[in-house]
Participant: 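My questions all concern the structure below.
Chain letters run A, B, ... following the sequence lines, proteins first and then strands; every chain starts at 1.
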Amino acid sequence: MSSIQRATGMQDVLPEDWRYWEMIIEKATGLAHTFGFERVEVPILEYTNLFARGVGKSSDFFVQKEMYTIEEEDGEDVTMRPEFTASFMRSYIQNGMGNWVQPVKLYTIGPAFRRERPQANRFRQHSQFNAEIIGETDPAADVEIMMLARSLYHSLGYKSLAFQVNSTGCRDCKPVYVQKLRDYLAEHEDKLAPVDKTRLEMNPLRVLDSKEAGMDALLADAPHIVDNLCEDCAEHFKTLLALLDKLEQPYKINFRLVRGIDYYTKTVFEVWDTSIGAQAAIGGGGRYDGLSEAIGGPSCPGVGCGIGIERIVAGLKEQGIEPPAGPPLTAILIHFGGETKVGAVDLLYQLRAAGVQSILAFARGKRSMKSQMREANKREAKFALIMGEAEMEAGTVMVRELASGEQTAVGQADVAEWLRERA
RNA sequence: GCGGGUAUAGUGUAGUGGUUAACACGUCUGGUUGUGGCCCAGAAGAUCGUGGGUUCAAAUCCCACUACUCGCCCCA
């Protein structure tokens with residue numbers, strides 16, 4: 001425990017993997033821009049109250065103590081965000097975004113924290129791309145979010161994608177439906193697994209996504225929420241599907257797709273990777289028209305999605321999708337003998353000042369030229385700049401192109417320009 | 001919180017009771033005077049996860065703990 005080791009559920013992203021992150025972030029920010037979303041940063045720490053009200057005290061975050069909460073001595077109580085949406089809404093309200101041109105379309109990329117038991121591609125700190133449209137009820141906004149999510153996966157190289165969609169109703173029709181579902185399940189309580197009996201008590205909607213044996217058959221005959229929506233919600237859902245049809249987006253209505261929290265309303269969706277051997281949700285989102293009021297703000301609709309970066313990285317690796325290779329290191333300076341160090345370091349900073357990517361092969365006292373050349377090779381530098389005593393005297397540098405082995409002497413004052421032309 | 005698996009140098013592994021724990025890759029250095037990749041030579045690097053126990057003797061058998069990992073739950 002006291003050993004040098006990362007904390008449970010944490011990850012180091014090393015350069016080899018960062019290439020994937022960089023690619024994902026570039027695609028995500030590019031698409032967000034294309035879609036007209038603007039980047040924001042919201043804090044990692046928020047008052048615990050925000051999540052208590054925004055995510056709900058009955059949620060697993062609270063019930064299972066999955067949040068990282070810091071109780072400070074002065075009585076302040078802050079929590080590391082377990083998700084983003086509540087922060088977005090808080091920011092929207094606090095910064096008076098209700099007075100901006102509506103709707104407000106924002107996105108961010110950053111870490112969130114949940115104190116769970118780590119599993120494959122599930123960490124206590126995970127990063128996600130999060131996009132939200134706040135202040136708009138139009139189902140076309142729901143579609144924008146869905147299309148943004150799908151486009152991201154698509155642009156990264158996911159071939160087979162499909163949506164699963166559902167509506168969870170609103171504060172008017174959801175409770176009515178929940179009661180119907182509860183009644184139905186109560187009738188068949190003898191067929192429910194112990195976990196589902198608990199869910200039936202706590203949150204009947206959760207029974208819908210139960211993976212217990214025999215639930216398929218039992219739930220097939222259960223009341224479905226899409227048949228129990230109020231007029232407004234039904235119209236919203238109908239329009240959403242019509243838009244998806246027009247855009248030729250494959251989707252499947254999944255009546256078991258739910259959000260157990262009251263503030264979530266209407267649209268719920270997940271993006272599925274439908275390629276062989278990968279039947280799984282890779283991202284999702286939904287509408288939360290009740291959230292603002294839940295955290296003490298004015299009535300304000302919103303819809304958003306969250307997309308886990310780590311899972312995309314894992315997915316890309318599984319599919320054998322590689323980030324494009326970065327450009328090779330431009331130059332490595334090799335120096336040996338006499339007073340060459342001073343000249344080499346001087347040249348190094350001249351090159352850098354000129355914007356030429358360059359590193360120094362450290363000589364460590366009496367390290368041989370051969371050893372430094374080996375380093376140049378291992379670092380896959382394009383050019384080795386060789387500075388021995390002869391070059392120092394002549395005011396030149398021997399520039400060797402590693403791939404071809406060709407080399408020429410270049411005046412020290414001209415090296416930067418020479419390299420810029422060829423790098 | 002509940003189950004299963006694993007734990008030997010930086011990485012991947014070998015080693016199922018008996019001398020200085022092996023191999024590969026990687027790292028570092030050198031291979032005659034200033035030139036990389038291949039090759040050759042050498043070096044560094046492991047209290048065999050931690051702590052107990054059994055035994056004349058433990059990396060090896062037993063127990064506990066811890067960590068990691070895979071599932072459950074929930075999610076990204």
Participant: Identify the pairs formed between an N or O of the protein and an N or O of nucleotides 47-51 of chain B at a distance under 3.5 Å, and give each distance.
Facilitator:
none

Participant: Please list all pairs meeting ring-ring contact (aromatic ring centres under 6.0 Å, His included) that have one or both residues in residues 128-161 of chain A, counting only residues at least two apart or in different chains.
Facilitator: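 Non-adjacent pairs meeting ring-ring contact (aromatic ring centres under 6.0 Å, His included): A/Y107-A/F129, A/Y153-A/Y158.
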Participant: Scan for salt bridge (Lys or Arg N to Asp or Glu O under 4.0 Å) pairs involving residues 120-132 of chain A, sequence neighbours excluded, and state none if there are none.
Facilitator: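 Qualifying pairs: A/E116-A/R122.
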Participant: Identify each atom pair where a protein N or O and an N or O of nucleotides 31-34 of chain B are less than 3.5 Å apart, giving names and distance.
Facilitator:
residue	atom	partner	partner atom	Å
B/G31	O6	A/R374	NH2	2.2
B/G34	O6	A/A390	N	3.2
B/G34	O6	A/E391	OE1	3.4
B/G34	N1	A/E391	OE1	2.8
B/G34	N1	A/E391	OE2	2.9
B/G34	N2	A/E391	OE2	2.9

Participant: Pull out every residue in residues 306-315 of chain A that has a heavy atom closer than 4.0 Å to any atom of RNA chain B, ordered by number, or say none.
Facilitator: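 Output list: A/G306, A/R311.
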Participant: Got a list of protein N/O to nucleotides 26-28 of chain B N/O distances below 3.5 Å?
Facilitator:
residue	atom	partner	partner atom	Å
B/C28	OP2	A/K378	NZ	2.9
B/C28	O3'	A/R364	NH1	3.3

Participant: With A/E417, which residues qualify under salt bridge (Lys or Arg N to Asp or Glu O under 4.0 Å), at least two apart?
Facilitator: A/R420
Participant: Partners of A/D12 by salt bridge (Lys or Arg N to Asp or Glu O under 4.0 Å), sequence neighbours excluded?
Facilitator: A/R6
Participant: Who are the ring pair (Phe, Tyr, Trp, His ring centres under 6.0 Å) partners of A/H126, not counting sequence neighbours?
Facilitator: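 Here no residue qualifies.
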Participant: Using salt bridge (Lys or Arg N to Asp or Glu O under 4.0 Å) as the criterion, list what pairs up with A/K252, not counting sequence neighbours.
Facilitator: none
Participant: Does anything in residues 399-423 of chain A form a ring-ring contact (aromatic ring centres under 6.0 Å, His included)? List the pairs, not counting sequence neighbours.
Facilitator: A/F383-A/W418
Participant: Can you name the atoms? Protein N/O to nucleotides 1-5 of chain B N/O, anything below 3.5 Å, with the distance.
Facilitator:
residue	atom	partner	partner atom	Å
B/C2	N4	A/R117	NH1	2.9

